[in-house]
Protein chains: 2
Amino acid sequence: MSKPKQAGGRPRDGRVDHAIAAAVRSLLGEQSYATLTVDAVAARAGISKATIYRRYATKQEMIFAVLLHDLNEAPPADTGSLRGDITALTTRIGDQLARSAAGVMAGLLADIHADEALSARFTDSYLAVERSVITTLLDRAVARGELPHRPDPALVHALLLGPLFAWQIMLNEDPTRTTLLADAVARSVTNALTSGALTNPAGIEKASVRQSH
Amino acid sequence: MSKPKQAGGRPRDGRVDHAIAAAVRSLLGEQSYATLTVDAVAARAGISKATIYRRYATKQEMIFAVLLHDLNEAPPADTGSLRGDITALTTRIGDQLARSAAGVMAGLLADIHADEALSARFTDSYLAVERSVITTLLDRAVARGELPHRPDPALVHALLLGPLFAWQIMLNEDPTRTTLLADAVARSVTNALTSGALTNPAGIEKASVRQSH
């Protein structure tokens with residue numbers, strides 16, 4: 001439902017998709033997100049602008065599709081443990097993010113906030129897919145007996161995805177350390193989940209925490 | 001060093017700063033980050049554009065100063081425990097983020113990536129301050145004997161800040177749940193730190209984790 005539009009009737013030409021994706025990635029390595037144009041992508045890909053616009057309504061839709069729509073929608077293979085499964089997921093997301101320049105992701109996020117159609121596509125085709133994968137991993141852990149019940153997927157989503165995004169688009173940290181971070185995030189969140197620190201909010205009351213306000 | 005510039009010699013007029021900040025916040029509640037102008041801020045604040053430009057070179061610098069430069073630079077008071085200290089910090093950051101519209105933070109981040117001067121100011125006056133506060137909290141925990149040694153502050157920074165930012169500018173989750181999230185982040189990260197899950201990277205080898213690639 002949220003797939004890029006196809007030219008009526010004709011089968012989708014994968015070579016064109018590939019040429020567009022390669023041109024977008026190559027141009028974003030040379031110039032900023034803001035200055036990239038559909039004209040330049042068409043020229044680099046050796047296709048017409050009309051061919052691009054048959055697929056994507058805007059430049060933003062095109063970049064979004066290239067950078068985020070190649071998301072692997074399948075949950076990682078069952079590794080036999082929650083920590084293994086979560087590590088596979090955070091490693092995959094970290095690798096995906098590390099392939100894009102930080103400024104590109106920041107520019108795309110700003111445009112997503114400014115454009116309702118793009119925002120809806122982002123929610124439906126990226127966030128919802130990731131949320132569904134996370135839910136699958138949590139349900140597997142419940143079935144294995146690693147977790148007593150499924151924790152709030154929204155919370156787990158933020159805990160897993162947030163540090164990887166912050167590392168890249170806020171903290172401007174070394175992208176070669178993304179694998180280390182992906183592992184640290186997986187260890188931290190798995191530990192919190194299996195120890196009950198997150199699945200038992202009532203535990204807040206019992207712990208000797210003095211709130212600051 | 002990274003403070004906004006002051007008019008030569010004259011003492012800084014706090015009322016003007018306050019009027020600018022109030023105008024920026026009020027206008028950003030009515031319109032988008034992209035459409036906000038220095039003209040509109042001057043009109044709303046009842047001051048001249050020149051007065052604003054004596055303080056900030058650009059609109060982005062002005063918005064940055066209003067939204068992020070009022071960061072409380074002091075570490076939270078010592079609560080007696082790492083978890084209490086970290087909860088105080090994540091709650092403060094969560095409250096600060098919840099005061100801004102998600103699109104404003106996304107737009108500002110995109111401009112920070114596109115502007116070297118703003119990027120340097122962001123690093124020096126926002127990220128470095130937060131990193132320093134986190135280092136203080138970790139050192140307190142080491143002094144208390146809660147941690148055997150200080151973990152990598154960059155890693156802890158990403159783990160604490162990331163979920164709060166993702167909640168607001170990526171996941172578009174309910175901002176009224178930010179307090180819940182701030183607490184969950186604090187519990188998760190404290191648990192990971194005190195259990196040694198993060199301070200013992202060599203432990204990766206011993207755990208029964210099968211990597212996905």
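What's counted below: heavy atoms across the whole structure, side chains too, no hydrogens, waters or symmetry copies. Just so it is clear, the model here is predicted, and its values are computed rather than measured. Numbers restart at 1 for each chain; the letters A, B, ... are given by sequence-line order, proteins then strands.
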Exercise. Look at Ser32(A), Gly103(A), Ala186(A) and state which one has the largest set of heavy-atom pairs under 4.5 Å with chain B.
Key: Gly103(A)
Quiz prompt | N-O pairing of Arg25(B) and Glu30(B) below 4.0 Å | solution = no
Quiz item: Non-hydrogen atoms of chain B under 4.5 Å away: do they reach the side chain of Ala77(A), the backbone, both or neither?
Solution: neither
Exercise. For Asp39(A), enumerate each residue passing the salt bridge (Lys or Arg N to Asp or Glu O under 4.0 Å) test, keeping only those at least two apart in sequence or located in another chain.
Key: Lys49(A)
Quiz item: What option among Ile169(A), Val104(A), Val185(A) has the most heavy-atom pairs under 4.5 Å with chain B?
Solution: Ile169(A)
Quiz prompt | Residue pairs fulfilling salt bridge (Lys or Arg N to Asp or Glu O under 4.0 Å) with at least one residue in residues 161-171 of chain A, sequence neighbours excluded | solution = none
Quiz item: Hey, are the side chains of Leu28(B) and Leu36(B) touching, using non-hydrogen atoms and a 4.5 Å cut-off?
Solution: yes
Practice problem: Using a strict 4.0 Å threshold on nitrogen-to-oxygen distance, state whether Arg144(B) and Asp78(B) make a salt bridge. | Solution: yes
Quiz item: Do side-chain atoms of Arg187(B) reach the backbone of Ala197(A) as a donor and acceptor pair under 3.5 angstrom?
Solution: yes
Quiz item: Do any N or O atoms from the side chain of Asp85(A) and from the backbone of Thr79(A) form a donor-acceptor pair under 3.5 angstrom?
Solution: yes
Quiz item: Going by heavy atoms in the side chains, are Trp167(B) and Arg177(B) under 4.5 Å from each other?
Solution: yes
Quiz item: Would Glu173(B) and Arg131(A) pass as an ion pair if we require N to O under 4.0 Å?
Solution: yes
Self-check item: Whether Glu146(A) side chain and Leu82(A) backbone form a donor-acceptor pair below 3.5 Å
Solution: yes
Quiz item: Who among Asn191(B), Thr190(B), Val189(B), Thr123(B) has the most heavy-atom pairs with chain A under 4.5 Å?
Solution: Asn191(B)
Self-check item: Tyr33(B) versus chain A, the contacting section by heavy-atom distance below 4.5 Å
Solution: neither
Exercise. Under 4.5 Å, heavy atom to heavy atom: which of residues 108-116 of chain B reach chain A? Give them by number, or say none.
Key: Leu109(B), Ala110(B), His113(B)
Quiz item: Who among Ala166(A), Ala184(A), Ser119(A) has the most heavy-atom pairs with chain B under 4.5 Å?
Solution: Ala184(A)
Practice problem: Could you tell me which residues in residues 152-165 of chain A have at least one non-hydrogen atom under 4.5 Å from a non-hydrogen atom of chain B, sorted by residue number? | Solution: Asp152(A), Ala154(A), Leu155(A), His157(A), Ala158(A), Leu159(A), Leu161(A), Gly162(A), Pro163(A), Phe165(A)
Quiz prompt | Pairwise side-chain contact, Gln168(A) with Met105(A), heavy-atom cut-off 4.5 Å (strictly under) | solution = yes
Quiz item: If we only count heavy atoms from C-beta on, is the Glu130(B) to Ile93(B) side-chain gap below 4.5 Å?
Solution: yes
